[in-house]
Amino acid sequence: MGKIKRDFILKEFRRLAFFAVGFIICIFVLFKCYSGFSLIQKPLVLVVIAILVLSILRSAAQVYLSMRDFNDNDSYLLEKEYAAPHPVYKIWQGEIHLMQNFIVCRNRGRLFVIIIHQIEKAERYFNIIGMRKIPVVKFIMDTDRSVSIGFSLNHPDDGEAVFEWLMNRLGEEKVID
């Protein structure tokens, strides 16, 4: 479990660092172009720091929430499978790890750990944004929980590979196209 938590926190920290650099550059340009902002410079910097700290706390809370319902056996099995070689595919703002008994997904600042035997069905649909169709998979679990994961437009083959893996692992009756 430690490696999964560490990987998630490090990747989220990297994502937030890019966000912070871009935000600071925008504020710097704003201060240079408009002299009226010099009075609120310190409070604005404090607000930026507060946003970053809250984002880091949110990431830490996501790790806790994703793994709070696991028993010791599930934690041990997940840690063992995560350390072994397994397929990893790019998705929208993250990646998905496909293992024998688990699916671990980092998506939009959230960490999802899905136990394979809890999946009742996986639905595939498309979100249309502009002229593009983005493939999405929605996992519906027997615990009345559902998780939607969108795939990346930059890696279209990854979505097809994940759906093929799901059909092989879950069976064609549980994967709905």
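Computed from a predicted model, the values in this text were never measured in an experiment. Positions are given from 1, in the same order as the sequence printed here.
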Would a hydrophobic clustering, with Ile, Leu, Val, Met, Phe, Trp and Tyr connected at side-chain separations under 4.5 Å, put [X] with [Y]?
X	Y	result
Val137	Ile103	yes
Val53	Ile56	no
Val147	Trp92	no
Leu54	Leu46	no
Ile140	Ile149	no

What closest approach, in Å, do [X] and [Y] show between heavy atoms, and which atom pair accounts for it?
X	Y	answer
Gln100	Ile116	O-CG1, 3.9 Å
Ser148	Asn107	O-ND2, 4.0 Å
Ile91	Cys105	CD1-SG, 3.3 Å
Pro87	Tyr89	CB-CE1, 3.7 Å
Ala20	Leu52	CB-CD1, 3.4 Å
Phe139	Ile114	CD1-CD1, 3.7 Å

Is there a side-chain contact between [X] and [Y] in this structure, where contact means two heavy atoms from C-beta onward sitting under 4.5 Å apart?
X	Y	result
Met99	Leu78	yes
Gln118	Thr143	yes
Leu170	Trp165	no
Ile96	Leu98	yes

Calculate, to the nearest 0.5 Å, the distance between atoms [atom1] and [atom2] belonging to [X] and [Y] respectively.
X	Y	atom1	atom2	answer
Leu77	Asn101	CG	CG	5.0 Å
Lys90	Asp158	NZ	CG	9.0 Å
Leu166	Glu172	CG	CD	12.0 Å
Phe19	Ile51	CZ	CD1	6.0 Å
Ser146	Ile119	OG	CD1	12.0 Å
Phe163	Arg124	CZ	CZ	5.0 Å

More than 12 heavy atoms from other groups under 6.0 Å of [atom1] on [X]:
X	atom1	answer
Glu164	CD	no
Lys11	NZ	yes
Asp144	CG	no

Phe112/Phe8 under ring pair (Phe, Tyr, Trp, His ring centres under 6.0 Å): CA gap, chis, key distance, verdict: CA-CA 10 Å; Phe112 299 111; Phe8 175 73; 9.5 Å; no
Before accepting this row, confirm whether a basic side-chain N of the pair Glu95/Arg106 lies closer than 4.0 Å to the acidic partner's carboxylate O. yes
Salt bridge check, Lys121 against Glu173: does any charged N sit closer than 4.0 Å to a carboxylate O? no
Specify whether His86 and Tyr82 have parallel, tilted or perpendicular ring planes, treating 30° as the upper limit for parallel and 60° as the lower limit for perpendicular. tilted
Go through the steps to decide whether Arg110 and Arg58 satisfy the test side chain to side chain contact (heavy atoms under 4.5 Å, CB included), and finish with yes or no. CA-CA 9 Å; Arg110 295 174 292 175; Arg58 178 187 177 269; 3.7 Å; yes
Using modelled atom types only, decide if a donor and an acceptor are shared between the side chain of Asn127 and the backbone of Ile134 within a distance under 3.5 Å. no
Run Phe126 and Phe151 through side chain to side chain contact (heavy atoms under 4.5 Å, CB included) and show every step you take. CA-CA 10 Å; Phe126 294 92; Phe151 291 96; over 6 Å; no
